[in-house]
Amino acid sequence: MATSADHNSSGSVSPGMMKYKRRRFSEIPDEFGGNYSPYKHYNAFFRRKERSLWPAMRISMDRCLFGLILVAFFSTLVLAKSALMNTLHDFKSERVLIQVIQQTVVERNNNNMALESTKTKFQNRNIWTKISSDKYYQCINRSRAERRDDSSTNGYLMVHANGGLNQMKTGISDMVAIAKIMNATLVLPSLDHKSYWTDPSDFKDVFNWRHFMEVLKEDISIVESLPPELEAVNHIQMAPVSWSKASYYRGEIAPLFKEYRVIKFTRTNARLVNNGLAMSIQRLRCRAMYQALAFSDRIVELGNILVERLKNMNSPYVALHLRYEKDMLSFTGCSYNLTEAEDEELRRLRYKTQHWKEKEINSTERRLNGVCPMTPREVAVFLEAMGFPFDTNIYIVAGDIYGQNGIKELRAKYPNVITHYDLATEEELEPFRKCQNQLAALDNIIALESDVFVYTYDGNMAKAVKGQREFEGFRKTICPDKWNFVRLIDQYDKGLISWESFKSKIKSLHEDRMGAPHLRTIADSPRMEESFYANPYPGCICDKSKDLPISYRANRRRTW
């Protein structure tokens, strides 16, 4: 009988024990002449034992199967619950997702609006941004060799400055250079009192005369008036030839001092060429124009106050030289957009003014040639096409706008149109009311300090202000291409082109007309050349990247 050690704890025999017993019993001798083997009896024993254990094993297996079924059931419940929770979560997530999408759409719309606003601000900022000119600088200082070293003089030069304020300024600057060329003593100029404005102002009323003499004392000799002993001396009066070179004054005018101690020039406008002069003379012209000819203290004081008031409006401002005034329209014969009665009034004024030589003028032809001042309505359309916002502050640096509609068509689109009458009090303007040149000086100061200067007629003020803005760092100045503009606006008014096409063409035309540095153009005829005072580069503006004076002989005339 097997011992308990022959079985494991569950009542079954281990394989190792079975192998051991088989080997042991096989070694016992058989009484019938062979070995005795009880193995077959042992196997039968185990078969009986296995049959006795099978019910217990079945019960154990059933229990395991039942357990597995329970595990599967509960697993199914867990999975079903999980699936249900996931479904609920997905449903909730879908609602959240819809809300997120809706919020994203709202935020995207808001961002688009913000982006459009940013684009508009960026575009507007580009309108006001000054042209880059870091490599350029003012170069008007006199060298030691250019300084006046003695008090000797060939004679006295008296000059009568004709025209408006800026024409007189450029003429006087030329006279300073001519006095230097002829080694003459300059008497403080007299100003024109008989022009269209009949302004009674004298030199000392408009300019700081002491400052004028101080700045130029090392260049030429300047006196307030003729010495008493020369007042009764016979002197010669003449109008120098226009656009003359230095050789003309040295060779033909200066020798007259030997016979006449005093020479008086009756006109000062355009008496010196733009180009072909020594650089020392060009620098002297700029010292006279931009440094010596400062306005009188009371003009500068009020001008600075008005500029400060404009700056305190917390937005940039445009100085608009809208030369749509009665005298200019009469002189040019431009009557586009005016009534027949207004056209007739301008014609009578033109015939009445003797020194206006041209009488019969074809207004339509003049306009198509681009030589007429732009109308207030044309200016409004131009500014809009260029991208100026409708709330832009626009200061008018000109006199009264002519015509029954006046400035209404400009104000209809740009309501923030300002003149010195709006900006200053009556008490502040009272000393200047009958002095158009002094009022023009106020406008000159405001134009120089503006964020953008726009001029619609290439007259003396436009040239003078443009040139000084370039001299002071190429401040943004827009010169409308009127020849192309009138054709485009006529096409637009007739419905031949869309607003978008019109606007695109206007912007494209004026990409290079913003006051960026460019060499002064020359031409075969001095009258056709670009004005020295409208563009003092070269002569008074130099390029840091170049050691030698800039050569511009190859820069032939181009459209500007």
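The structure displayed is predicted, hence computed values, not measured ones. Only heavy atoms go into these numbers, but all of them, side chains included; no hydrogens, no water, no symmetry mates.
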query: With respect to the side-chain SG atoms, do Cys334 and Cys372 come within less than 2.5 Å?
result: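 Taking the criterion (SG atoms under 2.5 Å apart), Cys372 and Cys334 satisfy it, so yes.
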State whether the side chain of [X] and the backbone N or O of [Y] hold a donor-acceptor pair below 3.5 Å, judged by distance alone.
X      : Y      : answer
Lys482 : Thr456 : yes
Arg267 : Pro240 : no
Ser201 : Val206 : no
Asn535 : His518 : yes
Asp205 : Asp202 : yes
Ser330 : Arg347 : no
His211 : Gln291 : yes
Thr353 : Leu349 : yes
Ser450 : Ala447 : yes
Lys466 : Ala534 : yes

Got a salt bridge between [X] and [Y], using NZ or NE/NH1/NH2 to carboxylate O under 4.0 Å?
X      : Y      : value
Arg520 : Glu530 : no
Glu308 : Lys311 : no
Glu511 : Lys507 : no
Glu345 : Arg348 : no

Please find the pair of heavy atoms, one from [X] and one from [Y], that lie closest to each other, and give the distance.
X      : Y      : result
Val187 : Ser225 : CG1-CA, 3.7 Å
Cys479 : His510 : O-CD2, 3.7 Å
Asp192 : Met168 : N-SD, 3.8 Å
Phe474 : Pro517 : CE2-CA, 3.4 Å
Ala424 : Leu306 : CB-CD2, 3.7 Å
Gly399 : Glu325 : N-OE1, 2.9 Å

message: For Phe388 together with Tyr414, are the ring centres under 6.0 Å from each other?
response: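 So the answer is no for these two rings.
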- prompt: Would Trp499 and Phe502 count as a close aromatic pair, with their ring centres under 6.0 Å?
  reply: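 Close enough - the centres of the two rings lie under 6.0 Å apart.
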Close side-chain approach of [X] to [Y], heavy-atom, < 4.5 Å:
X      : Y      : value
Thr332 : Val371 : no
Tyr336 : Met374 : no
Leu322 : Leu410 : yes
His355 : Asn162 : no
Thr419 : Asp400 : no
Asp174 : Thr170 : no
Leu346 : Lys326 : yes
Arg287 : Leu284 : yes

- request: Tell me whether the guanidinium CZ or amine NZ of Arg271 lies under 6.0 angstrom from the six-membered ring centre of Tyr249 and within 45° of its axis.
  value: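 Not flagged: Arg271 not positioned over aromatic ring of Tyr249.
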Pi-cation contact, Phe532 with Arg285 (under 6.0 Å, within 45°):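 Verdict for Phe532: a cation-pi partner in Arg285.
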May I ask you to check whether over 12 heavy atoms, not counting those of [X], lie within 6.0 Å of atom [atom1]?
X      : atom1 : answer
Arg527 : CZ    : no
Lys204 : NZ    : yes
Glu229 : CD    : yes
Gln491 : CD    : yes
Glu231 : CD    : yes
Phe331 : CZ    : no
Lys359 : NZ    : yes
Asn304 : CG    : yes

message: Hydrogens and angles aside, do Glu378 and Tyr324 bring a side-chain donor and acceptor to less than 3.5 Å of each other?
response: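 The answer is no; no qualifying pair exists.
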- prompt: With no hydrogens and no angle check, do the side chains of Asp443 and Tyr395 hold a donor and an acceptor under 3.5 Å apart?
  reply: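 Judged by distance alone, the side chains do pair up.
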task: Please step through side chain to side chain contact (heavy atoms under 4.5 Å, CB included) for the pair Leu509 and Phe485, ending with a clear verdict.
output: CA-CA 9 Å; Leu509 277 172; Phe485 175 80; over 6 Å; no
field: Identified side-chain contact (heavy atoms from CB on, under 4.5 Å) counterpart of Ile446 within the set Ile396, Leu310, Ile418
entry: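 With Ile446 as partner, side-chain contact (heavy atoms from CB on, under 4.5 Å) holds for just one option, Leu310.
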message: Against Asp199, only a single residue in Leu165, Leu439, Asn437 fulfils side-chain contact (heavy atoms from CB on, under 4.5 Å); can you say which?
response: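 Of Leu165, Leu439, Asn437, side-chain contact (heavy atoms from CB on, under 4.5 Å) with Asp199 is met by Asn437 alone.
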message: Please evaluate residues Gln404 and Thr339 with respect to the criterion side chain to side chain contact (heavy atoms under 4.5 Å, CB included), reporting the C-alpha separation (whole Å), side-chain torsions for both, the decisive distance (0.1 Å), and the verdict.
response: CA-CA 8 Å; Gln404 63 180 4; Thr339 65; 3.5 Å; yes
CG-CE distance between Leu216 and Met213, expressed to the nearest 0.5 angstrom: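 The CG atom of Leu216 sits 10.0 Å away from the CE atom of Met213.
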query: Can you tell me how far CG of Leu329 sits from CZ of Arg323, rounded to the nearest 0.5 angstrom?
result: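 Separation between the atoms: 8.5 Å.
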task: Carefully, step by step, assess Tyr317 and Glu449 under the rule side chain to side chain contact (heavy atoms under 4.5 Å, CB included).
output: CA-CA 9 Å; Tyr317 74 93; Glu449 296 301 321; 3.9 Å; yes
query: Of Lys476, Arg475, Arg469, which meets salt bridge (Lys or Arg N to Asp or Glu O under 4.0 Å) against Glu472?
result: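 Going through Lys476, Arg475, Arg469 one by one, the salt bridge (Lys or Arg N to Asp or Glu O under 4.0 Å) with Glu472 is satisfied by Arg475 alone.
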field: Test applied, salt bridge (Lys or Arg N to Asp or Glu O under 4.0 Å); reference residue, Asp219; option that passes from Lys180, Arg142, Arg283
entry: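 When salt bridge (Lys or Arg N to Asp or Glu O under 4.0 Å) is applied between Asp219 and each of Lys180, Arg142, Arg283, only Arg142 qualifies.
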- prompt: Glu301 and Arg298: salt bridge (charged side-chain N to carboxylate O under 4.0 Å, His left out), yes or no, with the steps?
  reply: CA-CA 5 Å; Glu301 181 180 355; Arg298 70 173 187 172; over 6 Å; no
- prompt: Do the rings of Tyr290 and Phe471 sit parallel, tilted or perpendicular, given the 30° and 60° boundaries?
  reply: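 Geometry flag for Phe471 against Tyr290: parallel rings.
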Test side chain to side chain contact (heavy atoms under 4.5 Å, CB included) applied to Tyr533 and Asn460, step by step: CA-CA 9 Å; Tyr533 294 107; Asn460 292 298; over 6 Å; no
field: Verdict with reasoning, Thr266 to His160, per side-chain hydrogen bond (donor to acceptor under 3.5 Å, both in side chains)
entry: CA-CA 5 Å; Thr266 57; His160 177 73; over 6 Å; no
